[in-house]
Novice: 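Got a structure here, written out as C-alpha cells. Questions coming.
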Amino acid sequence: MSLLAIGSVAFDQIETPFGKSDKIIGGSGTYIAMAASYFTNQTKLVGVVGEDFRQEDLNMMQKHGINTEGVQIKKGEKTFFWSGRYHADLNTRDTLVTELNVLGDFDPIIPESYQDCEYLMLGNATPAVQKTVIERLHKRPKLIVLDTMNFWMEEAFISGLKEVIGMVDVVSINDEEARMLSGEYSLVKAAKKIMAMGPKYLIIKKGEHGALLFSDEQIFFAPALPLEDVFDPTGAGDTFAGGFIGHLASTKDISFENMKRAVIYGSAMASFCVEQFGPEKLIELTADELEGRVQEFIDLVQFEIEYN
Ligand code: AMP
C-alpha cells in the first residue's frame, strides 16, 4: 500500500491580520504530503521546484518519511510562488501574486518505485498535469482524490478540469469553488451537478463551518473545531485532503462509513495547520495530539435525546 501525492511545492508569502511572512515553504503537494505522513510512512511526492528551493526544506520532508524522489529540481529556474492576503474574518482571501515559474511547463515524472501506488491524491496543479499523472500510472489506483481551486475554473482551463474530474473517485473543493464549478448556489444541487461529471463522492469544505461529504444517497456533515486562535488558514484545504486520504490509505477501507472518519481526521489535521504560519505546526505533531483532537471532534457533536 502506498500513497502518491502530487501538487505544487512552493514558496508562499502570506499576509494575515496578525502579520506578514517572508517567503516560506508552501504548496499543495507539501501540505498534502506532510499531513499524510502522520498516517502512513509510504507517502511519495511528485512535484517540481527551481534551483532556489532550499535543500533543508526537502530534508524536512524526508525526515517525515516522505519519498521525494519524484520532486524534480530545475536548474536555472524559479520555484512556483504564491502570495495571498487574508481578510479580517480569515475565511476569505485575495490572491496577490501567482508566479507559475517551474509549474508552468511541469512534466510530472513518476519514478518506477512509485508505480505500486494504491491511493492517489491529485493536489492543486494544472488539470493537464493531474491528468498526465493518472495516465502515467501503469495500473489505476484503488482510489483517486482530486483537489483544485478557482484559478483552474477560468475559461482557459475549465474544459481540462472537467475532463480530469471525470476520471477521479472523489473531488474535494470549497463552497465557493463548488458554486463556481456548478453554477448552482444550493450546495446540494451543486453536489449533484459535480457528481454527474463523474466522481462518486464530493467533499465541500466550508472553512470554519466544517465540511460536507456527499455520495449519491447520503450526506455527512463534519464540524470544524471552534479554535481560540486561528493564525493562518493557508494550506488548510490541502492538509485536510492529506489527512483524509492518509486515513483511508492506512486503514485500506474506502467505504462511505470510513470516509466519514477520514473527513474527521482531515478536519483535525487542518485544525492544527491553521494555528501557525505556513506548515510550521505540521512539522512536529505527535500521535497523542492528533488522537486528542479527534476526540474533541467526537465530544463536540455527541449528544443524547431522552424520550419518555
Ligand atoms: P489552500 O489554502 O489549501 O487553498 O492552499 C494554499 C496553497 O496552495 C499555497 O501553499 C500555495 O502555494 C498553493 N497554490 C496557490 N495557488 C495555486 C495554484 N494556482 N496551483 C497550485 N498551487 C497553488
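One-based numbering along the sequence shown. Each ligand, and each atom within it, is numbered from 1 in the order the structure gives.
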Novice: Tell me the residues surrounding ligand 1, counting only those with a heavy atom closer than 4.0 angstrom, sorted by chain and number.
Specialist: S8, A10, D12, G26, G27, Y31, F80, W82, R93, N124, M149, F151, W152, P233, T234, G235, A236, G237, D238
Novice: Any salt bridge linking E257 with K260? Criterion: basic side-chain nitrogen under 4.0 Å from a carboxylate oxygen.
Specialist: yes
Novice: If you measure from the Lys or Arg side-chain nitrogens to the Asp or Glu carboxylate oxygens, is any gap between K44 and D116 under 4.0 Å?
Specialist: yes
Novice: Sequence neighbours excluded, which residues qualify as salt bridge (charged side-chain N to carboxylate O under 4.0 Å, His left out) partners of E99?
Specialist: none
Novice: Can you confirm if the aromatic rings of F231 and F18 lie within a centre distance of less than 6.0 Å?
Specialist: yes
Novice: Is there a side-chain contact (heavy atoms from CB on, under 4.5 Å) between D229 and E275? Walk through the geometry before answering.
Specialist: CA-CA 6 Å; D229 295 307; E275 287 181 331; 5.7 Å; no
Novice: Measure centre to centre between the rings of Y265 and F39, then say whether the value is under 6.0 Å.
Specialist: yes
